[in-house]
Amino acid sequence: MVTITNVVGSGTLGLELDVEQLGADLDVPYTEHDPENYHGLYVRLEEDGPLIIVYRSGKYIITGSSSLDELEESNDVFLNKLSALNGIDIPEETGFSVQNVVSTAELGMDVNLNALSIGLGLESTEYEPEQFPGLVYRPEEYTAVILLFANGKAVITGAPTVDVATDAFDHLQSRVNSLL
DNA sequence: AGCGCTACAGTGTTACGTTAAAGGTCTC
DNA sequence: GAGACCTTTAACGTAACACTGTAGCGCT
């Protein structure tokens with residue numbers, strides 16, 4: 001059972017944007033553009049909602065959503081806000097898609113990370129407790145990276161879908177069980 | 001002519017910043 | 001005790017580097 005904590009998606013509007021002007025025109029509670037610090041325009045549709053980063057090229061990223069539904073809703077609302085502005089024609093297809101699903105899960109038991117790194121294979125794991133307390137596991141079969149901690153809690157990141165994250169964790173769980 | 005050095009142009013790589021979670025370590 | 005930092009991942013464009021290749025110059 002994995003719990004989604006963050007979903008990152010991206011799309012493109014297919015047109016060049018004046019992000020400084022866009023930040024001033026958008027009817028949203030928060031925008032920030034500080035080219036000295038970063039060249040992207042930061043937009044929030046709600047005070048503590050997901051963050052949208054808009055680039056001059058028309059490409060944009062939405063990060064900080066806690067579910068796929070929230071991500072899609074944020075995308076819809078953002079596009080509606082843009083289409084309400086004069087001079088911006090939103091294309092029917094923005095190519096918006098999920099790029100990264102970050103989630104947490106639990107094995108339900110303590111694990112010896114030193115022993116596990118050997119059992120899983122040194123070529124697919126990294127464990128340096130003096131640097132970071134978690135074991136980094138990169139399963140060959142899945143596009144995801146799992147951070148596993150001694151208490152059995154895990155973070156799955158880099159997965160393109162929730163299914164991949166779930167499958168990757170199930171795979172880890174079965175491998176851990178087979179090593180017991 | 002051939003070699004070595006410097007200067008510059010062009011290309012390639014990396015860091016930045018954002019988001020979330022986890023647990024250990026460190027500073028205040 | 002609270003908070004910051006460490007690690008991982010994806011997207012993105014820009015800036016700052018590192019590196020390579022070429023041109024020009026001076027010396028032998």
Side-chain angles (χ1 to χ4, degrees), chain A residues 1-20 22-23 28 30-72 74-75 78 94-114 116-117 120 124-139 142-169 172-173 176:
Chain A
M1 170 70 179
V2 303
T3 304
I4 298 171
T5 59
N6 181 29
V7 187
V8 183
S10 68
T12 180
L13 302 170
L15 71 166
E16 290 268 323
L17 294 170
D18 180 344
V19 292
E20 183 76 51
L22 181 63
V28 295
Y30 172 87
T31 65
E32 181 188 333
H33 184 240
D34 180 8
E36 298 267 310
N37 185 42
Y38 192 65
H39 55 280
L41 167 69
Y42 296 148
V43 177
R44 286 188 200 275
L45 306 173
E46 295 171 36
E47 287 293 344
D48 291 316
L51 178 71
I52 303 171
I53 310 170
V54 188
Y55 298 94
R56 195 167 55 90
S57 63
K59 293 186 178 182
Y60 64 101
I61 298 167
I62 303 179
T63 185
S65 300
S66 54
S67 69
L68 294 175
D69 287 343
E70 185 182 19
L71 179 72
E72 286 182 20
S74 296
N75 185 43
F78 175 58
T94 61
F96 188 78
S97 61
V98 175
Q99 302 294 342
N100 181 23
V101 176
V102 184
S103 49
T104 59
E106 291 188 42
L107 287 176
M109 60 183 169
D110 290 354
V111 286
N112 182 329
L113 297 180
N114 263 319
L116 192 60
S117 67
L120 291 172
S124 57
T125 59
E126 288 173 33
Y127 181 49
E128 295 178 53
E130 59 283 335
Q131 191 174 12
F132 187 69
L135 178 149
V136 180
Y137 176 49
R138 292 183 171 82
Y142 302 95
T143 311
V145 174
I146 301 174
L147 310 181
L148 181 64
F149 298 88
N151 61 3
K153 291 189 176 183
V155 176
I156 305 108
T157 185
T161 65
V162 180
D163 285 345
V164 170
T166 303
D167 291 347
F169 183 71
L172 170 67
Q173 196 153 33
V176 170

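Note: hydrogens, waters and symmetry copies are ignored here, and every other heavy atom, side chains too, is used. In the text below, chain A, chain B and the rest are named by the order of the sequence lines, each starting its count at 1.
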Find every protein N or O atom lying less than 3.5 Å from an N or O atom of nucleotides 10-17 of chain C, and list the pairs.
residue: dA10(C); atom: N3; partner: Asn100(A); partner atom: ND2; Å: 3.0
residue: dC12(C); atom: O2; partner: Tyr38(A); partner atom: OH; Å: 3.3
residue: dC12(C); atom: O2; partner: Tyr55(A); partner atom: OH; Å: 2.1
residue: dG13(C); atom: OP1; partner: Ser57(A); partner atom: OG; Å: 2.8
residue: dG13(C); atom: O4'; partner: His39(A); partner atom: NE2; Å: 2.8
residue: dG13(C); atom: N3; partner: His39(A); partner atom: NE2; Å: 2.7
residue: dT14(C); atom: OP1; partner: Arg56(A); partner atom: NE; Å: 3.1
residue: dT14(C); atom: OP1; partner: Arg56(A); partner atom: NH2; Å: 2.4

Task: Neighbour count above 12 (heavy atom, 6.0 Å) for Met1(A) CE - done: no
Open item on the list: Would the distance check show the side chain of Thr5(A) and the main-chain N or O of Val102(A) forming a donor-acceptor pair, the cut-off being under 3.5 Å?
Closed with: yes
Task: salt bridge (charged side-chain N to carboxylate O under 4.0 Å, His left out): pairs with one or both residues in residues 99-114 of chain A, sequence neighbours excluded - done: none
Open item on the list: List the residues meeting side-chain contact (heavy atoms from CB on, under 4.5 Å) with Ser124(A), not counting sequence neighbours, and say none if there are none.
Closed with: Tyr137(A)
Task: salt bridge (charged side-chain N to carboxylate O under 4.0 Å, His left out): pairs with one or both residues in residues 38-61 of chain A, sequence neighbours excluded - done: Glu16(A)-Arg56(A)
Task: Difference in axis direction between the ends of the helix from dA1(B)-dT28(C) to dC28(B)-dG1(C), five pairs, 10° - done: 80°
Open item on the list: Tell me which pairs pass salt bridge (charged side-chain N to carboxylate O under 4.0 Å, His left out) where either residue lies in residues 61-71 of chain A, with sequence neighbours left out.
Closed with: none
Task: Interface with DNA chain C, restricted to residues 41-51 of chain A and to heavy atoms under 4.0 Å - done: none
Contacts under 3.5 Å, N or O only, protein and nucleotides 22-27 of chain B:
residue: dG23(B); atom: OP1; partner: Asn151(A); partner atom: ND2; Å: 2.1

TODO: Anything under 30° is parallel, anything over 60° is perpendicular, the rest tilted; go ahead and classify His39(A) against Tyr55(A).
DONE: tilted
Open item on the list: For a 4.5 angstrom cut-off between non-hydrogen side-chain atoms, does Leu71(A) reach Phe96(A)?
Closed with: yes
Task: Pairs where residues 129-138 of chain A contributes a residue and the test salt bridge (charged side-chain N to carboxylate O under 4.0 Å, His left out) is met, not counting sequence neighbours - done: Glu126(A)-Arg138(A)
Open item on the list: Please enumerate all residues that pass ring-ring contact (aromatic ring centres under 6.0 Å, His included) together with Phe78(A), with sequence neighbours excluded.
Closed with: Tyr60(A)
Task: Residue list, side chain to side chain donor-acceptor pair (under 3.5 Å) with Asp167(A), at least two apart or on another chain - done: none
Task: Residues in side-chain contact (heavy atoms from CB on, under 4.5 Å) contact with His33(A), at least two apart in sequence or another chain - done: Val19(A), Glu20(A), Pro35(A), Leu41(A)
